[in-house]
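Down below is the structure, laid out as structure tokens.
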Amino acid sequence: MAIKRKTAKPVRKAIKVTSLSKGKKVSTTISLGSILLFILFGLLFGYFLSKARATDYDSIVDMFMFKEFQLYGVIGVAILVVAAGLFLTHRFKKPTLSGKALDWEPLKFEPNRLIGAFLFGAGWALAGTCPGTVLTQLGEGKVSAIFTVVGIFVGVWAFQKWQPKASSENIC
């Protein structure tokens, strides 16, 4: 009589991520495979941003001066991809990383958002990059991107320190 050995299922390595949502700690576990997939997606995303010249200061300036329209197409495609992803996530009731469903409540108008939008646009025009492309600029070896990254961290810190009381709950 032969004895069968039970083989244990392979243990999947995972990382526990904790974030704050409306003052409560929310934990989720992300597998190592998912993290590698995120990194691969990020590398491909950066590659295509670089190929589309979305990290080139002159292209950004030409876009804002209405001399070049290629980046408007890149931005339009990005909006369509995100809209499709959000639609499919909502349609098939896929939870977010926090385990909750997407929240589709419209935001009420706040004048502070206009101030933030103008600051964001001014920073984008001056730096020639936005938070989505600055890491790609770092990958390309553009030293000026370091100042943009520092500016992003200072802006996030300033918002956390001086945010209006009405915006203190976590919206995004």
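Residue numbers count from 1 along this sequence. What you are looking at is a predicted structure, and each value in this text was computed from that prediction instead of being measured.
- The closest side-chain heavy-atom distance from F41 to L37 is not below 4.5 Å.
- In this structure, the separation between CG on D56 and CE on M63 is 12.0 Å, given to the nearest 0.5 Å.
- Under the 4.5 Å side-chain contact rule for hydrophobic residues, I146 and V134 share a cluster.
- Across every non-hydrogen atom of F120 and P131, the tightest pair is CE1-CD, 3.5 Å.
- Residues V77 and L44 fall into different hydrophobic clusters, defined by Ile, Leu, Val, Met, Phe, Trp and Tyr side chains chained together at heavy-atom separations under 4.5 Å.
- Taking a 6.0 Å sphere around CZ of F147, one finds it holds 12 or fewer heavy atoms contributed by other residues, nucleotides or ligands.
- Hydrophobic clustering (ILVMFWY, side-chain heavy atoms < 4.5 Å, transitive): V149 and L126 are in distinct clusters.
- Going from atom CG of L138 over to atom OG1 of T148 covers 8.5 Å, rounded to the nearest 0.5 Å.
- Atom OG1 of T136 is separated from atom OH of Y47 by 12.5 Å, given to the nearest 0.5 angstrom.
- Hydrophobic cluster membership is shared by I152 and L135, with clusters built from Ile, Leu, Val, Met, Phe, Trp and Tyr side chains linked at under 4.5 angstrom.
- R113 contributes atom CZ, which lies 15.0 Å from atom CZ of F118 (distance to the nearest 0.5 angstrom).
- Put simply, the side chain of F92 does not reach to within 4.5 Å of the side chain of F87, judged on heavy atoms.
- Between the side chain of Q70 and the main chain of A52, a donor-acceptor pair closer than 3.5 Å is present.
- With hydrophobic clusters built from ILVMFWY side chains whose heavy atoms lie under 4.5 angstrom apart, L71 shares a cluster with F64.
- The aromatic rings of W157 and W162 stand perpendicular to each other, their planes meeting at an angle above 60°, with 30° marking the opposite boundary.
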Give the C-alpha distance, both sets of side-chain angles, the deciding distance and a yes or no for side chain to side chain contact (heavy atoms under 4.5 Å, CB included) between W124 and I60.
-> CA-CA 9 Å; W124 189 9; I60 303 272; 3.9 Å; yes
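- From I75, atom CD1 reaches atom CZ of F69 across 12.5 Å, with rounding to the nearest 0.5 Å.
- The minimum heavy-atom distance between F109 and L114, with the atom names listed, is CZ-CD1, 3.8 Å.
- Here K142 contributes atom NZ and T133 contributes atom OG1; the two are 9.0 Å apart, rounded to the nearest 0.5 Å.
- Distance alone, capped at 3.5 Å, is enough to place a donor-acceptor pair between the Q137 side chain and the T55 backbone.
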